[in-house]
Amino acid sequence: MTPPTPSQATPLEVTDEDSAASAKPATLKGTESRSPGRLAWTRFKRDRTGVISAFVVIFFFVAGICAPLIAKVYGKDPYTTYGQNDPSLLNDFSYPAGPNGGMSGDFWFGIDPQLGRDVFTFLLYAIRNSLLISAATTLLVAFFGVVIGLTAGYLGGKTDYFVGRIIDILLAFPQTLFFIGFWPVMLTILVSPDEATPTWLIVVSLITVMTAFGWAPIARLLRGEVLALREREFVEAAKVTGASPARIIFKELLPNLWTPILIQATLALPAYVTIEAGLAFLGVGLSDPTPDWGVMVQNASKFYQGDITYMLFPGVTMVIFVVAFNLLGDSVRDALDPKAGR
Amino acid sequence: SSGGGGGNSGKHAGTDKYTGSVTVGTKEDSTGPAPEIEGAKKGGNIIGIGPSDFSHLDPQRIYYAWNSTVANLYIRALTGYKIASDGSMKLVGDLATDTGTMADEGKTWTFTLKDGLKWDDGSELTVEDVRHGIERAFATFTTEGAMYVQSALVGSSDFRSKYKGPFSNKHLDSIVTDKAKKTITLKLKVARPDLNFTLAMHSYGAVPVGHDTKEKYDKDPVSAGPYKIAQHAIDKSMKLVRNPHWDPKTDAIRNAYPDSFTFQFGTEGLAAADRLIAQSGDDQYAVMAYSGVPAERLQKVLTDPELKKRTINGLLSGLYYYAINCKRITDPKVRQALNYAWPLEQIRRIYGGQSAGDYATSIISPDILGYDHQDVYGKAKKPQGDPEKAKALLKEAGKVGQKIVYTYPKGGNDAYEKTKVVIVNALKAAGFDPVVKAVDQGSYYDQVQQIDNNFDVMWFGWSPDWPTGYTVMQPLFDGATIANGSNNVSQLNVSWVNDAIKKNAVITDPKAAGAAWEELDKKIMTELAPIIPETFQRRFYLYGSKVGGALFDPLFSGFIMYKLHVKA
Amino acid sequence: MFRFLVRRILGAAVILLIISAITFLLFYVAPRDPARVACGKVCTPQTLALVKHNLGIDDPLPVQYWHWLEGVFVGRDYASFGHCNAPCLGYSFQNRVPVLSLIEDRFPTTISLALGSAVVFVIFGVGTGMIAAVKQGKALDKIASSASLIGSSLQIYIVGIVAMYYLSDEWGILDRPNDSSGFTDDPGAWFSGLLLPWFVLAIIFTANYTRMTRSQLVETLSEDYVRTARAKGLSARTVFFRFAWRGAMGPIVTILGLDLGSLLGGAVITEQTFGLHGIGALSVKAVRDNDLPMLLGVVLVAAGAIVLFNIVVDAVYALIDPRVRLA
Amino acid sequence: MSNTTPLLDVSGLTKHFPIKGGFPIRRTVGAVQAVDGLDFQVAEGESLGLVGESGCGKSTTGRLITRLMEPTGGKITYRGQDITHAGRKELAPIRSEIQMIFQDPYASLNPRQTVGKIISGPMEINDINPEGGREKRVRELLEIVGLNPEHFNRFPHEFSGGQRQRIGVARALALQPKLIVADEPVSALDVSIQAQVVNLLQKVQRELGIAFVFIAHDLAIVRHFSQRVAVMYLGKIVEIADREDLYENPRHPYTRALLSAVPEATVDEEPRERIRLAGDVPSPINPPSGCRFRTRCWKATEKCATEAPPLVQVEGNKPGHLTACHYPETTETVPAPRLSKDPEAAA
Amino acid sequence: MSTPFLSVRDLRVHFSTEDGLVKAVDGLSFDVEKGKTLGIVGESGSGKSVTNLSILGLHNRERTTMDGEIILDGQELLTASERTLEKLRGNKMSMIFQDALASLSPYHTVGVQIAETYRKHTGASKREARARAVEMLRRVGIPQPDVRVDEYPHQFSGGMRQRAMIAMALVCDPELLIADEPTTALDVTVQAQIMDLLKDLQQEFGTAIIFITHDLGVIADIADDVLVMYGGRCVERGTKKEVLRSPDHPYTLGLMNSMPTLNGSVDVPLTPIPGSPPSLLNPPSGCRFHPRCAFAEKVSGGLCSSDRPTLEVVEGRGSACHLTQEQKQDLFADFAATRHN
Ligand SMILES: Nc1ncnc2c1ncn2[C@@H]1O[C@H](COP(=O)(O)OP(=O)(O)OP(=O)(O)O)[C@@H](O)[C@H]1O
Ligand SMILES: Nc1ncnc2c1ncn2[C@@H]1O[C@H](COP(=O)(O)OP(=O)(O)OP(=O)(O)O)[C@@H](O)[C@H]1O
Ligand SMILES: [Mg+2]
Ligand SMILES: [Mg+2]
């Protein structure tokens, strides 16, 4: 029969002979089995680009997580206005007085124009904040997308229709406009008028709104996957044995959706990094003095003509991170889904 | 373009002299044509680059300076300012033959129109048209314009309840015109010795009775000046061409060298500066219409001699300050402490250093008649702030740790995102508990002008409508104006201040009036400290290398459009 | 097809209606007063009330929305502006001209930007993708793949600024972005004014199309029917274009439709970066000015573009793939 | 056995899948009559074969019996209990007694679960705790189906098709069912492997006394496995009989045609008489009136078009041999003509 | 004997994959005569399709190494250029694939797909080609061919698709037709129709046919000669009668024994071949069938697991097995007793 000839599986097959012949080693072999996840992992390890980009990505995350520690060792913080405190650091136009954006032994990456803050620690914290926001958003988006998509897909009928329409509306809604038009307003409602808007609230609401829009495409995708999976015979097998819908969704379907979920997540994270930075660039989202990639790029976009160094650090690190993450995502996809050739 | 700045250059790059010393001109001065500019030739097109479209073209709806930069080209009022090449201003008659005749201690004003005034369709510009322009300001749709004359004519700030405007075919009894003699007489309910200055505002420009399209006039006004609007794509571009019926002999103020002006909107200051730095193609004929070189480009522009040659600069006529909400911060000591603590130097550094302007140490700005250097809080000596003094005052008042809610408009000028950082630092150092509460710029004025707002210190700015103390003190500190939407955001309501304003307003001698306002300024700052003056900002504008006659307009703080010409 | 279109357009109308209602509601949730802008430098309470009345925002919210809907479907009378024919999206608070006329005025730029860059990125993206798919696994493929990956990781607000600085300011290769001339009035100026934005947008979008084209082609090239075509003796060219490419087109058209939909709804960041006057710039301004009718207008344009292109994509898909039945 | 209640009693079983359409509001505009009035019984320990061409409704029948689908009409009685419309809760006690084996050895096992989990899953769901624990039972089951009990920790992809099908059998056996519906359990397997699985199923049936509804399209395998066989055509049973009766004395023209079309790996005998059916099975959306087979039948008359033949014991049949035909075949019936190649002629 | 029409000699087809080298076909030789049908049987993965794709040269040349000789009517195909092959494919030799739905382009009408082949090889005009397509559809028994010609494959039923596929393969009157399991997915009634059709066409044109299947019943119906493949190699060859009547290889025997029939005894269990098909990545050493062979122990010296048995062909008949002729007679006879027919 021509179609089902999966050559990959063949070498793994357990033949009855070897088990019958050698009972002892089989016991050992019986326990160490090659789950689909492990197989993907082995495939991944073979992919050099993937591994290198994984290291780059990990490096960024470590840098972000350890930012306070590094800052402590380095002896600076991202908030002190060194240039303002020590007038010799900034020239009369508030540009760093030293060459190359004021890079020196004291300020490894220089200081920023106008306020004269330390770019190195600012960048570290920017990475930290950006990654925090995008990672949290990715997790939430994946979570809601999965739960809603799975439920709608599995239950079908009215639920599915209703969810489908909500998704339609969300996808048709111009999101950037929403952000610049309504998000700041919603923030003001949440905060008492004589209190400063706490940064955590900005972050939380930013994540919330990005999640509110972000789950829709994932849910739609997973709904489609579930519709296909639902027809697979192993789901019927579970039903025949009397499994509850919850069990079918979470024990039977969900494990089979890890691949698309992971793929979506690897696509989403760098996307959120850039979306979040884009929003900050437009002046919504995080803003000075909260360190953030987008904030830095936005600042730098005004000074690059006089101080390209300042553009260099956030711009280049961001591009490196996004490229590395995209490469990593590609490798993860290849490993999980070797047929989808790339 | 390469990294790094280079050392401190010391002095700022602007001119040192204040330009706006204003005098009142004679009938001679008011007679056209305007003096020729050396080397200027007719022809060509000047391009004006600006971030957004002029919000109004209808004279009665024009108030803001940037609208006036273009209004100068087609709107004419009874009076106007004649600006010399050294920047000195003279109030002269524009439509009128002179600056008017005052009688009745400033309650009656009479003007006579020049001969040969025409609208752009060739019809005659009459006293009826001048009256119509004033009466129109009472209409329901002209809410954006100035209100001084209306209030003075009916004697109430709620003037619309007294007169509904000319469209009901009724005229104000307080304006008397004589078509034959070409005179127009305004009979005021209250004395206004500086009404001739007030009438120079474009808000009181003439409008042809026969061609008034009411709301629609805003899109397609009729020109009395040297240029008329030929094409206008809202928020995108506007083209003005010569008005053939404008007679230079009737106009002592305006030159008109270029054949046309083209305004291009939608280019923010930074981009506009970059365009002019590069000046590729037609940009050689361009000027930054009304938004200046932003702080971020000052270094590049001012340290490159070639670029610096292509700039004009001047101080803005207005004052940037921080209003203290006297309703919330009731103790003058705390307000004084705020004044001491405020980090003027750090703030100005963010604006671009010395080139960005001068520290403001008083309410009245240098352009105003009678300005006298004064510095109650010693800010000139300690512009970085004096936290010790501030702290001492706070302690005295028993308000150490006082919470200060500081607000500024978010989204307009990015510099405020930076200044807030140094302000917070300075306030903390002085023993305050600063809370920053930015407000979206779209609703900023609306919110800070609410009587019961929750802000303690509010970023604010004020440009006088004509260069006398009245136009600063009255709107900002007259207790009678306090209401939602009032510019007295400090909500200062002190009887001696109110009285002084009333008294000073009717002093007819400009010199004496100037001195009186100065004194009031000093007293208010010393005793009440309702505001923290920040800077008299200096603005730099770039123009293309083919543009000649570039001159800083001391009144509207931009290019004087009608003096520009295209170099050969 | 007709039934499909009618059904989908009805559905789209419902979505747009809901979105307009949401926008309306959200706008007034904010403690902001659009009247303040038109109230002038000295704003007395009396004037403010007058302005509110002039703008028609002194009515209760549902009434205002009802009036707005009325305007859209049957036209509407304004006290100060006279009659506004249906579909009337209202008068802009800020500019006091019909919202529709402003949108009409801005749309050419947005269309030029979207379609122009689409032409570039489709040609380059699909072309490179095809080459990569044909040269699968070879150096050329690897170069194309990694270049496209880096391309897709770039951001307009970084590349755009840098490109503008170097390509036009420093080196003077391209003109500074400028949309003052329309295609009809000066094609040359139109072209040179938009070349840089097209180029930058294309860098970023091309990448997606390269990757997409490549992976789709790799997939269809291994389809059985492609093998059949070869077995029939058809030349490699024919097999590639008539069979493999035909099969790969569907998903690419889908993505193109979605991209065009969002580009036509106004590319806010792009227009912001290059200082162009399209729908994106208009929307930013509407937000800044608290201009509700304008905001509603641009939201509807953006949402409408997305919804419309969804329908177009589905219809085109059905034309490409006879198996798809429209319902 | 015949007077005790049968294990499974199906009468008038019907399933119509609605077709949505219409304009502008979507509604049901028609139905796929996948299964249309089936009657049959399955006795305890008995194997009933269900054969027919693709799309005739075999799988649908299987799904209805296992209540994976809601019947449109008719009645399903399991051990005297009406389960036609029973909900999940009501079905719970019966669930363990009716199990299913699927066709596709690749799709019927969850690729993300180990064999142990797959087999113990049903026990977990039904809260069955066999003596010695579930793991022990899993090992036993693996042993029964001829797999290495040590392999319970492995994943399905590590097994070949035949082995996977054994895992499917083990899963079905885990609940000690009384009835197994096997939907083409061997058609996806290689010939050499088919026999392994058929033998296994046969062993299970005999040793554990499990009744089977054995769905297949391979007549030879059905014959080998099932004591009774039902032939389906377009959603209806056209003939049902004991194995010998059906294969030796087919009374329905369709059964005959089907049998004669099976290629046999013999070269010794003279070629058998072949009946060639023209064309394809008509669409179940619009099945032919009267006898559904008439469009392809060489004996069809007016009557066949107007009157649907009942499924009865026609003359000359043994008891239990039911045929739905107006003109049943006899052994002497003149063999069908070799039809012209143009199927239009028959339509 | 004249030279055969198609002659395959020592064909080796190896794929390099991520996991290693897949020796899909490993030393295969056979001939096909004009007007005759060669049936190839074997389990899934035994290399049937790979063999036939090599004849048409449809493998991806970059990832496949091919060795040996394929000579069609005196022309070497393995080393032939792509252009030469293009001219032959669909013209002199053509192929019918199993999964007609996947193998027909969903984007073109059936008529276009048929006509296109015809135009390519004959240079006929569009109209002529269309007429030819209608004629072909009529010939393969599709009702209303002039209407159906403009329909898409998904509008056809399974049997009709397979017919369309056949029409496409035959449109240029090929001299060699390769049918790769053309009936496996079809119902028996439709399968019978298709096989009749092929037989008729062969009689009419004298086409040489290679018919691939895994069903010995189908072989018995259609083939003249039989080739049994196992693990990429040929284990037995002969005429249909020889192979089916007296199989000469334990694998062939096993295949026959594991098939139930319509008239054998039903009480005896089937006799399956134990184990599963070999992996082609690490094929068993020696005889590839030996791990599953019931008689491997009967051969002394573990020859089966160490040496590859040679296929000795005498007059088209032969098998590759280490058992001696006597052993076979003994052992096979016992085994045959359990057969189900
Ligand atoms: N392009 C390829 N790359 C790698 N391996 C391949 C390729 N094509 C086929 N194979 C492997 O070669 C072997 C023989 O495959 P082939 O398709 O010839 O089997 P078959 O006898 O036709 O089987 P079936 O009955 O399933 O059609 C299989 O193991 C298959 O996995
Ligand atoms: N969920 C469904 N919705 C609509 N139609 C269906 C559905 N399931 C099956 N059908 C239709 O019902 C008919 C019977 O299908 P069923 O799967 O029972 O056939 P089958 O006899 O099992 O065929 P096969 O031998 O191909 O498996 C077919 O025409 C099929 O298209
Ligand atoms: Mg094959
Ligand atoms: Mg089925």
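The chains referred to below are lettered A, B, ... by the order of the sequence lines, with proteins before strands, and numbering in each begins at 1. Everything numeric here is computed off the predicted structure, so don't read it as measured data.
Crowding of E/Phe5 atom CZ: a count of heavy atoms from other residues, nucleotides or ligands under 6.0 Å exceeding 12. When the shell of 6.0 Å around CZ of C/Phe191 is examined, it contains 12 or fewer heavy atoms from other residues, nucleotides or ligands. Residue E/Phe205 qualifies as enclosed at atom CZ: its count of foreign heavy atoms under 6.0 Å is above 12. Heavy-atom neighbours of E/Arg127 CZ from other residues, nucleotides or ligands within 6.0 Å: at or below the threshold of 12. Enclosure of atom NZ in C/Lys135 is not indicated, since only 12 or fewer non-hydrogen atoms of other residues, nucleotides or ligands lie within 6.0 angstrom. Surrounding CZ of C/Arg323 are more than 12 heavy atoms belonging to other residues, nucleotides or ligands, all under 6.0 Å away.
Counting heavy-atom pairs closer than 4.5 Å to chain C, the top residue among E/Gly57, E/Pro153, E/Gly90 is E/Gly90. In terms of non-hydrogen atom pairs under 4.5 Å with chain C, the most contact-rich of E/Ser94, E/Pro106, E/Ala100 is E/Pro106. Chain C forms more heavy-atom pairs under 4.5 Å with one residue of E/Met165, E/Glu82, E/Glu62, E/Met93 than with any other, namely E/Glu62. Chain E forms more heavy-atom pairs under 4.5 Å with one residue of C/Gly233, C/Ala229, C/Ala236 than with any other, namely C/Gly233.
The CZ atom of E/Arg119 sits 11.0 Å away from atom CG of C/Leu234, with the distance rounded to the nearest 0.5 Å.
The salt bridge (charged side-chain N to carboxylate O under 4.0 Å, His left out) contacts involving residues 232-246 of chain C comprise C/Lys232-E/Glu116, C/Arg242-E/Glu116, where partners must be two or more places apart or lie in separate chains.
Nearest heavy atoms, E/Ala102 versus C/Asp224: O-CB, 3.4 Å.
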Going through the distances and angles, do C/Met249 and E/Tyr107 end up as a side-chain contact (heavy atoms from CB on, under 4.5 Å)? CA-CA 11 Å; C/Met249 254 160 77; E/Tyr107 307 111; over 6 Å; no
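The aromatic rings of E/His108 and C/Phe243 sit tilted, their planes meeting at an angle between 30° and 60°.
E/Leu53 touches chain C through its side chain: at least one heavy atom from C-beta onward sits under 4.5 Å away, while N, CA, C and O do not.
In this structure, C/Arg230 contributes its side chain and E/Leu58 its backbone to a donor-acceptor pair below 3.5 Å. Side chain of C/Thr228 to backbone of E/Ser103: a donor-acceptor contact under 3.5 angstrom is found.
Evaluation of the side-chain hydrogen bond (donor to acceptor under 3.5 Å, both in side chains) rule for E/Lys120 yields no partner, not counting sequence neighbours.
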